[in-house]
Structure formats: C-alpha cells, structure tokens
Amino acid sequence: MRIVSSRRLTAAIGAALGAGALVTAFPFLWMISGSVKPRSESAAYPPRLLPEAPTFENFAQLFGRLDFGRYLVNTLVVVLISMAGVVLMAMAGYGFAKFRFRGRGPMFFLVLATMMVPVQVTMIPTYLLLNGMRLTNTLVGVAIPGLVSGFGVFLFRQFMSAVPTEMIEAARLDGAGEARIFWRIVLPLSRPILAVQIVLTFIGAWNSFLWPLIVADDDRLYTLSVGVSLLNRQIATSPSLQMAGATLMVVPILIVFIVFQRHIVQGFTLSGLR
Amino acid sequence: MKQPLAPYAFIAPAMILLLVFGVLPILVALPVSLTDMNLAGLADWSRIEFAGVANFRELVADDAFWQALTNTGIFALLGVPTVIAVSFAAALLLHRSENRFFRALRAFYFAPAITAIVAVSLVWGYLLNTRFGLVNHLLSTVGLPPARWLGDPVLVKFSVALVAVWRGTGLNIIIFLAALKTIPREYLEAAELDGASGARKIVSIVIPLLRFAFLFVAVTTVIAWLQFFDEPFVLTKGGPLGESTSISLFLYQEGFSAGRFGYAAAGTLVLFLIIAGVTLVQLRGRRFDADR
Amino acid sequence: MRRPGLALAALLLAACSLVLAACSGTAPAGGTPGELTVWIMGDSSARFEQLVRPFVDRTGIRVDPVPVPWDSVDQKFTTAVASGDGPDALQIGLSKLRTFADSGALLTLDDRTLREHPGLAAANFLDGVSPGGDPVSVPWVADTRVLFYRRDILTGQGLDEPPRTWDEVRAYARILAGRGGGGYGFHIPQWDSALPVIMTWTMGGRIVDDAGRVDFDTPEFHRAADLYLGFHADRSVPADPDFDQIQGFVSGATPMLVSGPYLAGEVASAAPELDGKWSVAPIPGDATHTSLLAGSNLGVWRSSGNRDAALRLLDYLSQPRTQLTWYELDGQLPTAKAALNDPELTADPLVSVYARQLRDARPLPPVPNWDGETGKALLDALNSVVLTGANRDTALQGLYAATGGTSVN
C-alpha cells in the first residue's frame with residue numbers, strides 16, 4: 001500500500017517537474033524556432049511558435065558573412081586552455097584543506113576576497129598586465145584572467161576537507177610522495193566536484209566574452225560570444241540572425257552538457273562525501 | 001608538517017594567478033579612487049591630478065549612485081531568497097527518483113545556467129516585449145491586459161530579476177543535488193517508517209544535514225546579486241529612468257562610458273566593502289570548518 | 001622527495017597551454033609594416049574587406065579590418081588607450097567623437113598633415129563635427145532622420161499627403177489612433193535622445209547657446225517638450241519603452257515614425273509585401289526642417305607606425321566613388337558631397353529624400369558623453385513625465401540643473 005502511494009507521489013512529482021522543465025526550457029525552444037524563421041516571419045504578430053517556411057539561410061549567413069567557423073574553433077581552444085585551471089584550483093583546494101601552514105588563514109581570506117571584487121574594476125589593470133607580459137593578442141591571454149577563480153578553489157577546499165585524513169596519512173607512511181598522493185588518492189576521491197568544476201569551467205570559457213574582445217587586436221581571436229554581439233547593430237537588428245547566432249552558442253553546450261551529465265550523476269553516486 | 005614546502009607548492013600556482021588577476025586590481029583601485037583619472041589621464045599619466053576624497057564626496061551626493069544602490073538592494077532581496085528556495089525545492093524533487101525520466105529532467109533545469117547572457121537576453125527581450133512579445137500575447141488570449149515587463153519602472157525590477165533567477169538556479173540545483181546525495185537514503189526511509197511527514201522530514205533531517213550547502217549557496221548567491229550586472233545591461237541598459245540600473249552597471253557606465261575612472265574606482269571600493277561586510281556577517285559564527 | 005614531480009606537472013600544464021596557443025597562431029599585432037589594422041563597427045567587416053580590395057591591389061598595403069561590437073566599443077577603446085597600442089585607423093561613431101578626441105589618442109588632422117591628401121579636406125564633406133580645436137577625424141558614413149509613413153494607412157483615413165508641420169503630425173496621429181484596434185498614430189522611441197533635439201531645431205531653436213553651453217531653458221525647447229509630451233497626452237503614441245520600431249511600422253500599429261535609412265532596409269526585408277505602400281518625407285517642422293546628422297567618422301591612431309598608409313586609406317575611403325560602392329555593399333550613405341549628388345544614388349526616390357535631408361542636418365552638440373549624460377538627462381526628464389506622471393515643470397527644472405554646466409568646448 002505504502003509503496004503504491006509512494007509510487008504515485010513520485011509520478012505526481014515527475015509530472016510537476018516535467019511541466020516546470022517545459023517552462024524553463026521554453027526560451028530555448030523559442031530561440032531555436034526563431035533561428036530558422038525567415039526575416040519576414042520574425043516580425044510577425046501575433047508571434048508563432050513554429051516557422052511556416054523554415055530556412056537555414058541565417059546560419060549560412062553567419063558562416064559566410066561573419067567568421068563564425070573561426071570563432072567556434074577559438075572558443076574550443078579557450079575551453080581547452082581553461083581546463084588547466086581546474087587542476088590548479090584542485091591543487092590549491094587540497095593545499096588549503098589538508099595542510100596546516102603559516103599564512104593559511106590570511107591566504108584563504110584572500111581567495112575569498114577575490115570573489116567579492118567586481119569584475120569591472122579588474123579590466124584595465126589586468127589588460128595592462130597582460131600587455132606587459134606580451135600576452136595580448138594570444139589565446140592564452142584570452143583564457144588566463146579567468147583561469148582560476150576564488151569560487152572554484154573554495155569549492156574544492158570544501159569538498160576535499162571531507163577526504164579521510166587517515167587515507168592520506170596511511171599513504172605517507174607507505175612512502176608515497178605528496179604529488180602521488182594528490183594524483184592517486186585525493187583527485188580520484190574528488191571526482192564529483194571535479195566533474196562539477198569541469199562543467200563550470202567549460203561553461204565559463206565557452207561563454208567568455210569580455211577578454212576575447214579586449215585582448216584580441218584581431219578578430220582572428222574572437223569567440224562565439226563576441227561574434228553574437230557583433231550582430232547587435234546600434235539600432236536595427238535582425239532577430240532571425242541573432243537567434244541563429246544564439247542557437248549556435250547554446251545548442252553545442254547543451255549537447256555537451258547532456259552527454260556529460262551522466263558522468264556527473266555517476267560521480268555523485270560514487271561519492272561518499274558530504 | 002613533515003613537508004613544510006608541499007602545501008605552498010600546491011597552492012602557489014592558483015594563488016599567484018588569483019593575486020595578480022583578483023587582488024592586485026582592487027589594490028590599484030585604491031590610489032586611482034583618489035585621483036581625477038579619465039580617458040586622457042589613462043593615455044598620459046602626467047595629466048592625472050590628486051583629488052583627495054572628492055570622488056567619495058561626490059558619490060555620496062550623487063542621486064544616481066543611491067538609486068543604483070537601492071535597486072541593487074531590491075534586486076538582492078527579490079533574487080536571493082527566490083534562487084535559494086527554487087533551487088532547493090527543485091533539487092529535492094529531482095532527488096526523489098533515480099530513474100531515467102528524472103535524470104533527463106535535470107538537464108532542463110540546469111540548461112539556463114550554462115547559456116551565455118548575450119544569447120538568452122535576445123530571447124527574453126522578444127518574449128517580454130510589451131506590444132509584440134509572446135508573454136503578453138498569451139495573457140491577451142485569456143483576456144488579461146498587457147504588462148510593460150521591461151518598461152514599467154516598478155515591474156522592470158521583477159522582470160529583470162526573473163531572468164536572473166531563471167539563469168541563476170541551475171548551478172545551485174547542482175550543488176544542492178550533490179549535497180542531497182550525501183544523505184544516506186536509509187535516514188530518510190527510517191524517518192518515513194517512523195511516520196515522519198514529508199515536510200517535517202525536510203525541516204528536521206534534510207536541512208540540518210545540508211547546513212554547509214545552504215551556507216555556501218547563500219554566500220555565493222548574495223555576492224552574485226550584489227554584483228548584478230549582466231541582465232540589466234543587456235535587457236534594459238538600466239532603464240527605464242534608471243530603475244533597473246544596478247550598482248555594477250552604474251560603475252560600468254561611469255567608468256567606461258563616461259571615462260571617469262577615478263570616480264568609478266571610488267564607487268568600486270564602496271561596493272567591495274559592502275560585499276565584504278555582508279559576507280563576513282553571513283560567515284560569522286558559522287565557520288567553514290576545514291577538518292570536520 | 002616527490003615535490004619536483006608536482007612542479008613538473010605544473011610546468012607541463014603551462015607548456016601545454018603555450019603549445020595550444022602557439023598552434024592557434026598568434027596573429028600579427030597592429031603596427032605591422034605594410035598592414036593596416038582598422039576597427040570597423042558592427043558586422044560589416046567582411047564587406048569592408050571587399051570595399052578596400054582595389055586599394056590593396058593598387059598600393060600593396062594590406063588592410064585587416066577588425067569588427068568591434070557597437071555595445072562594447074567603450075571597453076575596446078579604453079583598454080587600447082590605456083596600453084597605447086591601438087589600431088592604425090578606426091571608425092568612430094559621432095556620439096563617441098568628443099570622448100575619443102579628448103583622450104588624445106587620435107592623430108590631429110590639421111592642414112599640414114592633410115597636405116598630401118586633398119581628398120580629405122573638410123570642404124568635400126557634409127558639415128562635419130570637430131569638437132575642441134583641430135579635427136581628429138574625417139567624415140565617413142552619414143545617417144539622418146526622416147519621416148517614414150505608411151501611405152496605405154494614411155490614405156485609408158483620407159490623409160493623402162505626408163504631414164509637413166508638427167501640428168499636422170499631431171493631428172494626423174490623433175486621427176490614425178482613432179482607428180482603434182490598438183493602433184497608434186506616431187512613435188516616439190523613448191531611447192532616442194535625438195528626436196526632442198530635432199523637434200527643438202525645427203521650432204527654430206538650439207540646444208547650445210553662443211558661449212557653447214548646453215541650454216534647454218529656451219522657448220523653442222519648451223515647445224518641443226510640449227510637443228513630445230502632447231503626443232503622449234493624446235495617447236496617439238505607444239508609451240512602452242520597448243516598443244519595436246520595425247514591428248510597429250510593419251504591423252501598421254504606428255503608421256508614422258521618425259527614423260533613419262537603416263529602417264527602410266529592415267522594413268524591406270521584414271515585409272517585402274509592403275513594397276510601395278510606404279514612403280519617406282523630410283522631417284516635419286514649423287520654422288525649419290533641420291534633421292539629425294549622425295553616422296561615423298574615421299580617425300588615425302596617433303602612435304600608429306603606419307601613419308602615411310593610414311592616411312592614404314582614409315583618402316581612398318573618402319573618394320565619392322568608394323563611398324558609392326560602400327552604399328551598394330553596406331547600405332550606408334556617403335558623406336562626400338559629390339557622392340550625395342550622384343545620380344546613381346539619387347535615382348532611388350527614398351535616397352533622394354535622405355540626400356536632400358542630409359543637406360539640412362546637424363550633429364548633436366559635441367558635449368562629452370552625450371548618450372550617458374546630456375542625452376540621458378533629457379530623455380529621463382521627458383520620460384519621467386510619460387512613465388511616472390512626474391510634474392512637467394519639476395522635470396524640466398531637473399534637466400536644466402543636470403545639464404547646466406555642460407559645454408561643447
């Protein structure tokens with residue numbers, strides 16, 4: 001009896017969640033449908049959900065008139081470089097979580113403080129620094145300001161605090177070096193948070209707009225975000241073209257996410273962390 | 001303690017990057033805030049003059065600054081509780097089952113968080129348009145009058161916050177779900193056998209066990225909303241009548257559009273201190289213990 | 001011990017990143033001899049490349065256009081000024097000209113600099129704008145505002161001729177709004193700070209006094225403000241700040257509006273079936289028919305190592321022939337007088353209206369940061385009456401106070 005009612009409840013919750021998911025996802029459906037609408041339909045009122053005469057002309061324009069192919073490649077490279085940051089953040093998180101050392105408190109406070117610094121203020125000093133380091137106009141320069149975030153270090157430290165200290169001590173007694181302990185014991189145990197961080201880093205790098213725009217002297221280094229904003233003309237804009245650009249940005253990341261999601265879920269299930 | 005250098009080796013790379021790209025800029029802002037630096041001064045440093053606390057004085061007297069500060073406060077009051085409540089509720093419901101359907105649903109709830117504001121703002125702009133938007137069209141089909149979602153000085157705050165909530169919950173759902181996974185199902189099942197009702201179960205078992213997740217989500221969400229920028233910037237440019245201008249947007253406009261870097265730096269320091277103050281209050285007495 | 005291992009890992013990571021960066025290819029920086037980096041606003045850079053191809057072929061100077069989003073030009077420009085490294089030449093929206101000129105980052109285009117380039121002489125162009133002293137830019141593309149009207153809808157209400165004075169516009173708008181069905185008569189975009197200024201000009205007034213100070217406390221501006229607010233009082237214009245111009249015009253909700261040539265292109269592509277049912281007319285006016293001169297100029301970066309090449313490019317771009325080609329490619333109107341008189345251009349009835357209007361058009365006053373300060377204060381004052389029912393006189397007093405100290409010098 002109890003099981004039946006519990007099942008019923010689950011079904012009810014599922015239905016509610018399904019309805020919620022539709023609402024949440026609706027802007028995406030609208031965007032995708034808008035991206036295949038010809039220009040004449042995009043201004044139609046009342047708005048129609050589905051295009052009458054779907055067309056891929058908008059996408060053709062993006063790749064033809066604008067260099068969206070190149071922007072796509074650049075975006076992928078920035079994503080790849082950014083993955084190095086995940087490892088750096090994991091290392092720092094481990095350092096803060098499992099060692100006691102001089103200056104740990106103040107340094108961790110600095111990590112937290114970086115989360116509170118408004119981005120706008122960092123723009124000019126960071127640009128001057130990158131310029132001084134001759135990193136402007138490189139994809140490294142595009143990726144490096146966002147490589148490490150206080151948020152990420154914080155998250156890693158919190159989760160790694162729960163890695164049993166006994167396991168680390170035991171490994172040390174067995175003569176394992178610190179690097180080995182980190183790679184072989186701590187990182188594998190941190191798989192769930194690692195998965196979360198990889199996804200977060202992917203999202204951040206994929207959507208990066210500010211640094212590609214500022215650091216690049218050349219549109220050879222622009223990313224998709226910058227490309228989409230190029231479509232914003234001062235006054236007039238073509239909604240269909242914009243929707244196509246937006247679709248191009250959103251759909252690949254959705255696919256990556258859906259593929260990766262299973263791994264994240266697995267990571268969660270494997271974890272014994274709290 | 002056996003290897004005193006190891007911890008430094010672990011934290012050094014990340015620390016250096018954070019110091020250079022996170023801490024240094026705010027240190028630079030301090031001296032800049034005491035000058036009249038503008039675009040010309042930026043090009044030629046000899047044209048910068050020391051201004052003392054004039055920037056701060058002007059800030060206090062600037063109605064636009066107070067309007068932006070008030071707006072930010074309203075945004076945070078609207079957004080933070082909503083984001084936390086919605087993400088927790090969604091996570092709790094999604095946690096209900098492990099079956100395929102529920103797992104697939106997760107992607108829908110996470111999706112808004114992974115999309116760039118540049119892209120989604122366009123969509124929301126069209127959906128919320130007063131005259132030609134889909135939302136008002138749907139309202140009209142059930143006989144309701146159109147609302148000026150992005151055009152009414154009061155309503156605009158809710159609309160902009162709505163888009164930010166839509167985009168802001170996904171990440172927190174992930175965090176709550178991760179935390180929920182750590183509660184052994186036996187706890188909950190045992191409570192069920194004891195006859196604990198759903199609501200009581202949540203209040204007495206789940207929430208205390210998720211203390212840390214809640215604190216973490218609260219701290220990061222508050223910071224995010226105090227730095228609120230993207231949605232008003234792309235959806236309304238701060239309008240109408242400055243009613244959706246957040247403090248970050250105000251500083252951006254003063255700094256980059258007006259080229260008043262000294263003034264913007266002063267405002268940035270004020271914002272930084274506000275954020276730091278609020279965060280410290282949240283953390284007080286609830287230490288993030290490293291070795292539990 | 002194993003610490004070196006850790007360091008090695010970090011090194012490896014760094015190396016990987018560098019290799020990746022190397023693979024992706026570092027583009028040549030601006031200032032490469034023989035190659036000009038040119039900032040082009042918006043998404044026109046591919047067409048710009050096409051435009052300059054003959055120049056490249058003839059001179060051997062390569063041109064690398066870099067598209068810059070309109071929304072982000074401030075960030076891009078500011079960081080370039082901070083580092084001193086900019087493009088060789090750049091497009092400058094007129095509303096940004098004063099800010100850019102004040103930065104000192106642009107090359108002064110005095111007579112001596114332009115001696116070798118007679119094509120760049122100011123007399124060749126529409127009256128441009130040169131804030132504070134020597135010019136730092138030359139006109140490039142022109143934009144103006146004219147009256148767009150839906151002939152089919154106006155005729156349907158017995159209005160056979162487009163309105164010529166603001167009183168007529170207002171009367172027409174009332175009639176058109178009387179059609180019912182959610183229709184309006186006219187559209188006042190609440191983000192357009194130029195419209196109230198145009199209204200003031202056409203009342204015979206000015207925004208800037210003889211001393212170069214912004215002054216809104218004039219009888220002509222008062223009449224312009226009453227006109228602006230009068231449309232709203234009549235309820236013949238939509239009061240939504242996010243009302244869409246194109247959809248409004250195409251759907252017929254707002255059969256008259258004041259806009260630029262870009263709108264014609266957008267309407268033509270969004271609603272080809274309306275072809276022939278709409279047209280444009282000069283800006284209505286009581287005392288004058290003066291409209292807005294907007295558009296973009298071109299400037300040369302002061303520290304550019306390719307100054308001469310950049311000036312040669314500007315010279316090429318200012319040729320009437322080049323500007324006509326640019327109109328064909330990108331739909332942006334020329335600034336060279338000779339090009340504007342070219343029959344190739346004026347054969348198109350719409351364009352002949354634009355070209356005529358451009359001869360009676362003025363730029364916005366070159367105050368620092370018009371969009372962010374003076375223009376915003378102007379719009380906020382008027383729209384606060386519209387949106388929140390604020391008192392007209394209080395709102396205008398606030399406007400005088402906010403803009404009183406602003407000067408074009």
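Note on naming: letters A, B, ... go to the chains in the order of the sequence lines (proteins, then strands), and numbering restarts at 1 for each one.
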Chain A interface, residue from B:Ala111, B:Ala29, B:Ala113 that has the most non-hydrogen pairs under 4.5 Å: B:Ala111
Best-contacting candidate, A:Leu128, A:Leu155, A:Thr247, A:Val153, against chain B by heavy atom pairs under 4.5 angstrom: A:Leu155
Distance-only donor-acceptor pairs under 3.5 Å for side chains of residues 250-257 of chain A, two or more places apart:
none

Under the ring pair (Phe, Tyr, Trp, His ring centres under 6.0 Å) test, residues paired with B:Phe233 that sit two or more places apart: B:Phe229, B:Tyr252
Part of B:Leu251 lying under 4.5 Å from any heavy atom of chain A: neither
Close side-chain approach of B:Leu180 and B:Val206, heavy atoms under 4.5 Å: yes
Residue-level interface, residues 259-268 of chain B with chain A, non-hydrogen cut-off under 4.5 Å: B:Phe261, B:Thr268
Which portion of B:Leu24 sits near chain A, non-hydrogen atoms under 4.5 angstrom: side chain
Contacting moiety of A:Met249, where chain B heavy atoms sit under 4.5 Å: side chain
Heavy-atom check, side chain of B:Leu94 versus side chain of B:Phe176, under 4.5 Å: no
CD1 on B:Ile11 to CG on A:Leu88, rounded to 0.5 Å: 12.5 Å
Part of B:Val32 within contact of chain A (heavy atom distance under 4.5 Å): neither
Portion of B:Leu42 that has a non-hydrogen atom of chain A nearer than 4.5 angstrom: side chain
Interface residue of largest heavy-atom contact number with chain B, from A:Pro27, A:Ser208, A:Pro125, A:Ala16, under 4.5 Å: A:Pro27
Parallel, tilted or perpendicular: rings of B:Trp166 and B:Trp124 (30°, 60°): perpendicular
Beyond-backbone contact of A:Phe151 with B:Ile223, side-chain heavy atoms, under 4.5 angstrom: no
Validation row: A:Val186, A:Lys98 side chains within 4.5 angstrom (heavy atoms): no
Whether B:Tyr8 and A:Phe101 hold their rings parallel, tilted or perpendicular, with breakpoints at 30° and 60°: perpendicular
Which atoms of B:Phe101 approach chain A - backbone, side chain, both or neither, heavy atom under 4.5 Å: side chain
Option that, when pairs with chain B are counted at under 4.5 Å, heavy atom only, ranks first among A:Gly18, A:Gly245, A:Ser149, A:Pro118: A:Pro118
Contacting moiety of A:Phe28, where chain B heavy atoms sit under 4.5 Å: side chain
Engaged part of B:Leu19 at the chain A interface, taking heavy atoms whose separation is under 4.5 Å: side chain
Check: A:Tyr94 ring centroid to A:Phe99 ring centroid under 6.0 Å: yes
Heavy-atom contact with chain A under 4.5 Å, split by part of B:Leu18: both
Any A:Leu130 side-chain heavy atom under 4.5 Å of B:Phe21 side chain: yes
Residue A:Leu200 versus chain B: region with a heavy atom under 4.5 Å: side chain
Chain B interface, residue from A:Leu129, A:Leu22, A:Leu49, A:Val23 that has the most non-hydrogen pairs under 4.5 Å: A:Leu129
Side chain to side chain, B:Ile247 and B:Phe228, heavy atoms closer than 4.5 Å: no
With A:Thr24 via side chain to side chain donor-acceptor pair (under 3.5 Å) - residues at least two apart: none
Centroid separation A:Phe154 to B:Phe216 less than 6.0 Å: yes
Toward chain A, the part of B:Ser97 with a non-hydrogen atom under 4.5 Å: side chain
Closest-packed option against chain B by number of heavy-atom pairs under 4.5 Å, given A:Ile13, A:Leu17, A:Leu248: A:Leu17
Heavy-atom pairs under 4.5 Å with chain B, option from A:Gly204, A:Ala25, A:Gly14, A:Gly103 with the top count: A:Gly14
Side chains of A:Val111 and B:Met15 in contact at under 4.5 Å (non-hydrogen atoms): yes
Most chain A-contacting option - heavy-atom pairs closer than 4.5 Å, from B:Val120, B:Val28, B:Leu127: B:Leu127
